[in-house]
Amino acid sequence: MAGVSRYEPVDSPDATTIFPYHDLTPPEPGDVYEAREVVSRYLPRTPLVRSEALSAETGADVYFKREDTLPTGAFKVRGGVTLGHRLSEEFREAGLVAASTGNHGQSVAYAGREFGVPVTIAVPSDPNPEKVAAMERFGAEVVATGADYDEAREWAERRAAEDGLRYVHSANEPDLVAGVATAGLEVLETLPEVDRVVCPIGGGSGAAGYCLTTGAIGGAEVVGVQSAAADATYRAYHEGHLDPAESATTEAEGISSRAPFALTVGILRDRLDDLVTVPEAAIWDGVRDVLAADRILIEGACAAAVAAVRSMDDVAGETVVVPTTGRNLSTEKLRRAVDPE
């Protein structure tokens, strides 16, 4: 709790609303083992695959943790099924509501279908159309509202308060963090000698999960990455606050948020080894190059971590893991990444 106590949520323009059921007590490694008992019932284990191209380029042994192979194409579904399995009865009929640029929404929608709970997802007014279609296939009602993720989140928070729905925050949810952290246990079981994990950060649940596992249990260094065009959590981590940023202009929607969040920032401040930023151009170079060399389709969020590894001058000789956090890149962005002219 020490990390969270420094970051009390406030009533500020970022509207990071904390509902009574949003317990900000950070999960511990033991909670991750409990979550694995749930996750293993509903989801397959994901492979850990060496990237020959990145290994040759960096002099490190670089492995991709292939979360893109999960049913929703992204890591967040681990948290969705954990929360859905543990959902209190009072919300099973009323339903769930969340805000998302896509992968969190797919996670909640998937859990809703799995457990027979109605789901509403708020998305920004110009969303990734393929991600919207996927959420709808999983049975969610999708509402386009607001100029960006944070305005969609504010709408979802109001809807939850007005209609008595269970608002599923993308970060202030211990069950989500514990659920996504199960990927780190799988890494340690396959590759216990890992030296460093480099993980993209949007809301921070993925990086927090690796801090609780490969970091706390395995002793690996965990480094978070944001785009320089959306660095709210970078600032929160380094400057010690929860102030929202004025804008988030990255096109990597999985890491695009103007607001840092109390639970995950607390964990990251206590356990993360470093948090860095990379330029937008390097992100889209990563999308193109990983597709060309490894034949893996990755989103901009994952490509931010790839860009960070490529920029590190101290990884030679190390064993490095990069989570391929999602494959749900829009066709339009894929075209532009492959042919930027």
Side-chain angles (χ1 to χ4, degrees), residues 1 4 9 15-44 70-72 74-100 102-123 134-143 145 152-183 185 203 205-206 208-209 212 261-264 267:
M1 282 295 290
V4 170
T16 50
T17 301
I18 306 299
F19 288 87
Y21 42 74
H22 284 153
D23 177 10
L24 295 187
T25 304
E28 294 292 336
D31 299 309
V32 184
Y33 282 100
E34 290 183 9
R36 185 169 65 171
E37 295 301 311
V38 176
V39 171
S40 63
R41 298 184 206 178
Y42 300 102
L43 299 171
L70 287 167
T72 61
F75 78 103
K76 285 180 177 287
V77 69
R78 293 176 181 268
V81 298
T82 303
L83 185 143
H85 177 82
R86 297 173 175 174
L87 186 65
S88 50
E89 288 298 324
E90 65 179 299
F91 293 115
R92 291 190 178 273
E93 183 174 349
L96 307 173
V97 62
S100 177
N103 288 335
H104 175 56
Q106 287 187 66
S107 167
V108 176
Y110 184 91
R113 188 182 73 174
E114 193 70 32
F115 299 106
V117 178
V119 171
T120 301
I121 305 295
V123 299
M135 287 185 271
E136 291 175 337
R137 282 195 297 271
F138 290 131
E141 176 191 1
V142 180
V143 178
T145 178
R153 173 175 52 77
E154 292 165 3
W155 181 92
E157 290 169 349
R158 290 193 299 271
R159 176 75 183 273
E162 292 167 1
D163 296 348
L165 307 181
R166 172 59 160 90
Y167 174 56
V168 185
H169 197 286
S170 63
N172 287 329
E173 300 278 4
D175 283 345
L176 289 190
V177 175
V180 301
T182 59
L185 296 182
S205 63
L212 295 170
F261 302 118
L263 175 61
T264 47
I267 296 171

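Everything numeric in this text was worked out from a predicted model, so none of it was measured. The analysis underlying the following values was restricted to heavy atoms, covering all of them including side chains, and did not include hydrogens, waters or symmetry mates.
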Enquirer: Applying salt bridge (charged side-chain N to carboxylate O under 4.0 Å, His left out), can you list everything that pairs with E89, at least two apart in sequence or on another chain?
Expert: R92
Enquirer: Rounded at 0.5 Å granularity, tell me how far CG in D23 sits from OG1 in T25.
Expert: 3.5 Å
Enquirer: Donor-acceptor pairs under 3.5 angstrom involving side-chain atoms of residues 107-118: please list them, not counting sequence neighbours.
Expert:
from : atom 1 : to  : atom 2 : distance (Å)
S107 : OG     : K76 : O      : 2.8
S107 : OG     : G80 : N      : 3.2

Enquirer: Nearest 0.5 angstrom please: E154 CD to T145 OG1, how far?
Expert: 9.5 Å
Enquirer: Under 4.5 Å between any side-chain heavy atoms of H104 and V168, yes or no?
Expert: yes
Enquirer: Do NZ/NE/NH1/NH2 and the carboxylate oxygens of R153 and E157 come within less than 4.0 Å?
Expert: yes
Enquirer: Can you name the closest pair of heavy atoms from A94 and G164 and give their distance?
Expert: CB-O, 3.7 Å
Enquirer: Checking V119 against E141 for the side-chain contact (heavy atoms from CB on, under 4.5 Å) test, could you report, in this order, the C-alpha distance in whole Å, the side-chain angles of both residues, the deciding distance, and whether it holds?
Expert: CA-CA 6 Å; V119 171; E141 176 191 1; over 6 Å; no
Enquirer: Using distance alone, with no hydrogens and no angle criterion, decide if H22 and Y167 have a side-chain donor and acceptor under 3.5 Å apart.
Expert: no
Enquirer: Check A171 against L263 and note the closest heavy-atom contact, atom names and distance.
Expert: O-CD2, 3.5 Å
Enquirer: Dump the intermediate steps for salt bridge (charged side-chain N to carboxylate O under 4.0 Å, His left out) on R86 and E173, then the final yes or no.
Expert: CA-CA 12 Å; R86 297 173 175 174; E173 300 278 4; over 6 Å; no
Enquirer: Are V177 and I267 close enough, and set up right, to give a side-chain contact (heavy atoms from CB on, under 4.5 Å), and what steps lead you there?
Expert: CA-CA 10 Å; V177 175; I267 296 171; 4.2 Å; yes
Enquirer: On a heavy-atom basis, which atom in N103 and which in A74 lie closest, and how many Å separate them?
Expert: CG-CB, 3.4 Å
Enquirer: Please name the pair of heavy atoms, one in P44 and one in L70, separated by the smallest distance, quoted to 0.1 Å.
Expert: O-CD2, 3.6 Å
Enquirer: Could you measure the distance from the OG1 atom of T120 to the CG atom of L96? Nearest 0.5 Å is fine.
Expert: 9.0 Å
Enquirer: Run the side-chain contact (heavy atoms from CB on, under 4.5 Å) test on V39 and H85 for me, step by step, so that the C-alpha distance in whole Å, both residues' side-chain angles and the decisive distance to 0.1 Å come before the verdict.
Expert: CA-CA 9 Å; V39 171; H85 177 82; over 6 Å; no
Enquirer: Where is the tightest heavy-atom contact between G209 and A181, given as atom of each residue plus distance?
Expert: CA-CB, 3.4 Å
Enquirer: Does Y33 have any ring-ring contact (aromatic ring centres under 6.0 Å, His included) partners at least two apart in sequence or in another chain, and if so, which?
Expert: none
Enquirer: Looking at side-chain heavy atoms only, is the closest gap between T72 and F138 below 4.5 Å?
Expert: yes
Enquirer: One pair to check against side-chain contact (heavy atoms from CB on, under 4.5 Å): S205 and F261. What are the steps and the verdict?
Expert: CA-CA 10 Å; S205 63; F261 302 118; over 6 Å; no
Enquirer: CG/L87 to OH/Y21 distance, rounded to the nearest 0.5 angstrom?
Expert: 10.0 Å
Enquirer: Rounded to the nearest 0.5 Å, what's the gap from CG on D31 to OG1 on T82? Could you check?
Expert: 11.0 Å
Enquirer: Side chains of T182 and R36 only: does a donor on one sit below 3.5 Å from an acceptor on the other?
Expert: no
Enquirer: How close do A152 and A122 get, heavy atom to heavy atom, and via which atoms?
Expert: O-CB, 3.6 Å
Enquirer: May I ask you to test the V143-I121 pair for a side-chain heavy-atom distance under 4.5 Å?
Expert: no
